[in-house]
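Report on the following structure.
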2 protein chains.
Amino acid sequence: MSVFEKGTPFTMKEKNKRLILQCIQDDSPLSRSEIAEKLKISKPTVSSIVEELLQEEWIKEIGARTAGAQGGRRPIQITFNHQARFVIGVDIGGTKTLAAISDLSGNLLATTLFHTQEEVQCGILHKVNMVAKQMLAELNIDEKKVLGIGIGVPGMTNVKDGIVIDAPSLRWKMHPLKHEAEKIFPWPVFIDNDVNVAVLGEQWLGAAKGMSNVVLISIGTGIGCGMILEGNLYRGSSWAAGEIGYFVTDIHQAKQKDDPIYSGYGFLDRHAGGAGIANKASQALKKQSNHPLQEKAVLTAKDVFDYAKSDDPIALKIIEEVIDHIGFAIANVISIINPEVIILGGGISKSADWYLPRLEEIISQFASVPTEVKRSAFGSEIGVLGAVSLVLRERECVLKTLS
Amino acid sequence: MSVFEKGTPFTMKEKNKRLILQCIQDDSPLSRSEIAEKLKISKPTVSSIVEELLQEEWIKEIGARTAGAQGGRRPIQITFNHQARFVIGVDIGGTKTLAAISDLSGNLLATTLFHTQEEVQCGILHKVNMVAKQMLAELNIDEKKVLGIGIGVPGMTNVKDGIVIDAPSLRWKMHPLKHEAEKIFPWPVFIDNDVNVAVLGEQWLGAAKGMSNVVLISIGTGIGCGMILEGNLYRGSSWAAGEIGYFVTDIHQAKQKDDPIYSGYGFLDRHAGGAGIANKASQALKKQSNHPLQEKAVLTAKDVFDYAKSDDPIALKIIEEVIDHIGFAIANVISIINPEVIILGGGISKSADWYLPRLEEIISQFASVPTEVKRSAFGSEIGVLGAVSLVLRERECVLKTLS
DNA sequence: GATTAAGTTAGTAAAGGTAACAAACTAACC
DNA sequence: GGTTAGTTTGTTACCTTTACTAACTTAATC
C-alpha cells in the first residue's frame with residue numbers, strides 16, 4: 001500500500017501536496033514563500049499546490065500580514081481549515097457508548113451518549129447511524145464532508161479484516177463489525193481495540209503529544225496496554241500485542257495449583273484487575289466479622305479502593321498488593337519497551353494520585369531506565385478522540401477525495 | 001530522512017529504480033517484461049532503468065530463456081549481481097572478535113577471528129582494518145566496491161550518534177565508536193547492539209526469515225532481547241529496549257532485602273543469567289560436602305548445566321529454577337509483544353533441546369497466545385551476518401552511490 | 001526613487017505513460 | 001519444407017505531468 005507504490009508524476013505531486021498541507025497544519029499561519037523556504041520546494045510549485053488546496057477548501061487565506069522591517073510585498077497568510085472535513089468517532093464501551101462529531105483538530109462539536117446494552121440487540125450501529133445523522137443535521141454539516149467513522153471496541157480486533165475477535169462485554173466473537181458497518185454507513189469505516197484507540201488519542205492531543213514511543217496502560221475489569229512504537233500503533237502479529245493481563249509477576253504463585261484460571265483472563269488480570277480485586281476482598285471478608293463492606297450486596301473494586309483510602313486495614317492490604325503487582329508489571333513493560341512515557345488510563349486511573357508514589361518507587365528501583373508515569377489527560381472523551389485520530393491516520397489518502 | 005523528503009523527478013526515479021532492483025533480487029531470473037507486469041510500471045520505463053542498472057553492474061543479463069508455448073520472442077533473463085558490492089561485518093564479543101567479507105546475499109567470502117582483549121589496548125578497530133584489507137586483497141575486491149562496515153557491539157548503543165553507551169565486557173562507557181571508526185575506515189560505518197544485530201541476521205537469512213515481528217532472546221552472562229517489529233529494528237526511546245534482564249518474575253523475591261543488587265544487572269540477570277547461575281551454584285555447594293563441582297576452581301554456568309543434564313540433584317534444582325524464570329519471562333514477552341516467533345540465542349541456547357519442552361509448557365499455559373520458540377539457525381557467524389544486514393538496511397540509499 | 005520581499009509568468013528539463021513497431025519465436029497450413 | 005499468421009519481448013517516438021530556474025510584477029519600507 002505505501003512501500004510498494006511506484007513513482008509517477010501523480011504520486012510525486014500527492015506527496016508534495018500532503019507535505020505542504022501538513023506544514024500548514026503544523027505551523028499556520030504561513031505564507032507561500034515561507035512554505036517554499038521550509039520545505040525547500042520552489043515557489044511556483046508551492047503556489048500551484050496552494051491554489052489547489054484553496055480550491056478544495058483545505059486551507060484559507062486570511063489576509064496579508066504587515067511587511068518585514070526592510071520592506072517588501074506583504075505576505076498573504078494561509079491557515080489550515082479545521083472545518084474542511086469532519087470525522088465521526090465512536091467509543092463502544094461495555095455499558096455506555098459515546099458518539100461524537102469532530103473537526104480535523106479534534107474539537108468535539110457534538111456528542112451523544114447512550115446505553116450499549118439497550119441497543120445491543122437491534123444493532124448498536126443503527127443507533128450510532130441515527131444519532132450521527134442527527135448531530136450532523138444539527139451542525140448543518142454535509143454528509144459528504146465526513147472523512148470517515150472510527151470505532152473503538154472493548155476487545156481484541158483484527159484491524160485488517162475488520163473483525164472483532166473477542167469482546168466479552170458485548171458477547172461478540174469473530175464479529176465482522178467493519179463489514180456490517182460498511183453496509184450501514186455511507187463513510188469509510190475504521191475499527192480498533194479501545195486501548196489502541198486511547199493511546200492514539202493521548203499521542204495526538206493528550207499526555208503524550210507528539211511522542212514516538214508511548215505505552216498506555218489501562219486498568220479496569222482487566223488489564224491491557226496500547227502501544228505506539230516509532231510513531232505507529234503496534235498491534236502484534238495476531239492482534240494480541242499489549243495483553244499484559246497475562247503477565248506473570250510471581251512465578252511461585254502462578255505455579256500453585258490453587259491459583260485459579262478463568263479463560264480470557266491472565267495472571268495479572270486475576271491479581272490486579274477490577275474483578276480480581278473484588279474477588280479477593282470478598283474472600284478476605286469471609287474470614288472476618290463485623291466489617292462494613294460485608295453489608296454490600298455487590299462488592300466492586302471501587303469500594304475496596306475507597307475503604308483502602310480511609311485506611312481500612314483489610315482493604316489496604318489488598319490494594320497494596322494490587323499496586324505492587326501493577327508496579328512491577330509497569331516496570332517490566334518499561335524494561336522491554338523503553339517508552340518515553342507510561343500513561344495510566346482506565347477506571348482505576350482516577351485514584352492514580354494516591355498510589356502513583358508507590359508505583360514510581362517500584363519503577364525507579366526495578367525498571368531498566370527511569371521513566372515518567374502520567375495519568376491520562378482526558379476523561380470519558382478519550383475513546384472518541386482516539387477513534388477520530390484513527391480515521392485521520394488511516395486516511396492519509398485524504399487528499400485524493402476531492403482532487 | 002524518509003518521510004520528509006519532497007517529491008522530485010529524481011526521487012521518483014530513485015524509488016522506481018529501487019523497486020525494480022528489489023524485485024530482481026527477490027525473484028530472479030526475470031525478464032524486463034515480467035518486471036513491468038509485476039510492478040505495473042510501463043515497459044519503456046523498466047527498460048531504461050534496467051539499462052542503467054546493467055551499466056552500474058547491479059544486475060546481469062544471463063542469456064535468453066526458451067519462448068513460451070504460444071511462441072513469441074525469447075525473454076532476456078536478468079539476475080541480481082550478488083557480487084556487485086560487498087559489505088564488511090564485524091562482531092565484537094567480550095572474548096573474541098569476528099570480521100568477515102560478505103557479498104550482497106550474505107555469503108561470507110572470508111572470515112578472520114582474533115582475541116578481543118589482546119587488541120583492546122592499541123585499538124580493536126585498527127586490527128579490524130588490517131584484517132579487512134588483507135581479506136579484500138586476497139579476494140581481489142576493490143575497496144571502492146565495499147558498501148560499508150557494520151559493527152555489532154556487546155552493550156547498549158546509541159545508533160544515531162554512534163556512541164556505545166555502556167559495554168561492560170570491553171570497559172567502554174560513552175565511547176564514540178562510530179566517530180573513531182570513521183576516522184580509520186574509508187567506508188560508511190554502522191554500529192549496533194549485538195542482540196539487535198543478531199535478530200537482524202535471523203530475520204534476513206535464519207530462523208525468522210522474512211517475518212515482520214520477531215524477538216530474539218539471548219541468554220549469556222546477562223539476558224537481553226532484540227526485536228524486529230513491523231519489519232524494523234525496535235530500539236526504544238533511549239536505546240534501552242529489550243532489557244529484559246531487568247524483568248521481575250517474582251515480586252516477593254524482588255522485595256526481599258537480601259536479594260542482591262549489582263549495578264548493570266537486573267533481577268532476571270541475577271536469577272537466570274550465566275553469572276547468576278554460577279553464583280547460586282557456589283552458594284549451594286557451600287552447604288554441601290563431597291560434591292564433584294567443589295573441585296572446580298572457577299565455576300561456570302556451563303558446568304552447572306552439564307551436571308544438571310547428568311541428573312545431579314543440586315545442579316538440577318538450580319537449573320530447573322533458572323528455566324522457570326526464563327520460561328515465565330518469555331511468556332511475558334509474548335504477552336506484550338505477540339511476535340510471530342521467539343528465537344533463542346546466546347551461549348545457553350546450545351543446550352536448548354534439553355529444556356525447550358519445559359519452556360513450551362510454561363508458554364502454552366501462561367502466555368496470551370501460543371507462540372513458537374526456535375533456536376538460532378546460526379552458530380558463531382550470526383553476529384557478522386547481522387552486521388552485514390545492518391549495513392544493507394541502513395544503506396537503502398545504495399543506488400545513489402554509482403548513479 | 002531605491003531597495004526588498006512576495007508571488008507570478010515563461011520557458012526548460014526530467015521522468016513516466018501510451019501506442020506503434022521491429023525482432024524473434026511457435027505453430028499451423030498448404 | 002517453406003510460408004504465413006499469431007504471439008511475446010523489447011524499443012522508438014511522442015505526449016503529459018510535474019518541478020525547477022530565471023525573470024518579472026506587485027506592493028511594501030526607507
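Every heavy atom of this structure was used, including side-chain atoms; hydrogens, water molecules and symmetry mates were not. All figures in this text were calculated on a predicted structure; none of them were measured in a lab. Letters A, B, ... are given to chains in the order of the sequence lines, protein chains preceding strands, and every chain is numbered from 1.
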Starting from [atom2] on [N], measure out to [atom1] on [X] and report it in whole angstrom.
{"X": "A:Ile76", "N": "C:dG7", "atom1": "CD1", "atom2": "P", "result": "5 Å"}
{"X": "A:Arg18", "N": "D:dT18", "atom1": "CZ", "atom2": "P", "result": "14 Å"}
{"X": "A:Lys13", "N": "C:dA15", "atom1": "NZ", "atom2": "P", "result": "19 Å"}
{"X": "B:Lys17", "N": "C:dA15", "atom1": "NZ", "atom2": "C1'", "result": "13 Å"}
{"X": "B:Gln77", "N": "D:dT9", "atom1": "CD", "atom2": "P", "result": "12 Å"}
{"X": "B:Lys40", "N": "C:dG16", "atom1": "NZ", "atom2": "P", "result": "18 Å"}
{"X": "B:Ile41", "N": "C:dG17", "atom1": "CD1", "atom2": "C1'", "result": "12 Å"}
{"X": "B:Lys6", "N": "C:dA15", "atom1": "NZ", "atom2": "P", "result": "14 Å"}

Q: Output all residues satisfying salt bridge (Lys or Arg N to Asp or Glu O under 4.0 Å) with A:Glu340, sequence neighbours left out; order by chain, then residue number.
A: none

(Q) Applying salt bridge (Lys or Arg N to Asp or Glu O under 4.0 Å), can you list everything that pairs with B:Asp27, at least two apart in sequence or on another chain? (A) B:Lys38

Q: Tell me which nucleotide among D:dA19, D:dA28, C:dG16 gets nearest to the side chain of A:Pro9.
A: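 Taking heavy atoms from C-beta onward, the closest nucleotide is C:dG16.
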
Q: Consider the side chain of A:Met12, meaning its heavy atoms from C-beta on, and name the nucleotide among D:dA19, C:dG16, C:dG7 that approaches it most closely.
A: D:dA19

Q.
Under the rule for ring-ring contact (aromatic ring centres under 6.0 Å, His included), what residues qualify as partners of A:His179, not counting sequence neighbours?
A. none

Q) Can you check whether B:Ala207's main-chain N or O pairs, donor with acceptor, with B:Glu202's side chain at less than 3.5 Å? A)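 Here the side-chain-to-backbone pair exists.
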
Q: Output yes when at least one side-chain N/O atom of B:Ser31 is less than 4.0 Å from OP1 or OP2 of D:dG10, else no.
A: yes

Q: Kindly write out the residues that satisfy side chain to side chain donor-acceptor pair (under 3.5 Å) with A:Arg32, not counting sequence neighbours, or none if the list is empty.
A: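 For A:Arg32, the residues satisfying side chain to side chain donor-acceptor pair (under 3.5 Å) (neighbours in sequence not counted) are A:Glu61.
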
**Q.** Set of side chain to side chain donor-acceptor pair (under 3.5 Å) partners for A:Lys13, sequence neighbours left out
**A.** A:Glu52

Any N/O pairs under 3.5 Å between the protein and nucleotides 11-13 of chain D? List them or say none.
| unit_1 | atom_1 | unit_2 | atom_2 | d |
| --- | --- | --- | --- | --- |
| D:dT11 | OP2 | B:Ser47 | OG | 2.5 |

Q) For A:Asn16 and A:Arg74, take the nucleotide of DNA chain D holding the closest heavy atom to each; which residue's nucleotide lies nearer the 5' end? A) A:Asn16

Q: Just call it for A:Ser42: base, sugar-phosphate, or nothing, with non-hydrogen atoms closer than 4.0 Å on any strand.
A: base

**Q.** Plane angle bin for B:Phe80 and B:His82 - parallel if under 30°, tilted between 30 and 60°, otherwise perpendicular
**A.** perpendicular

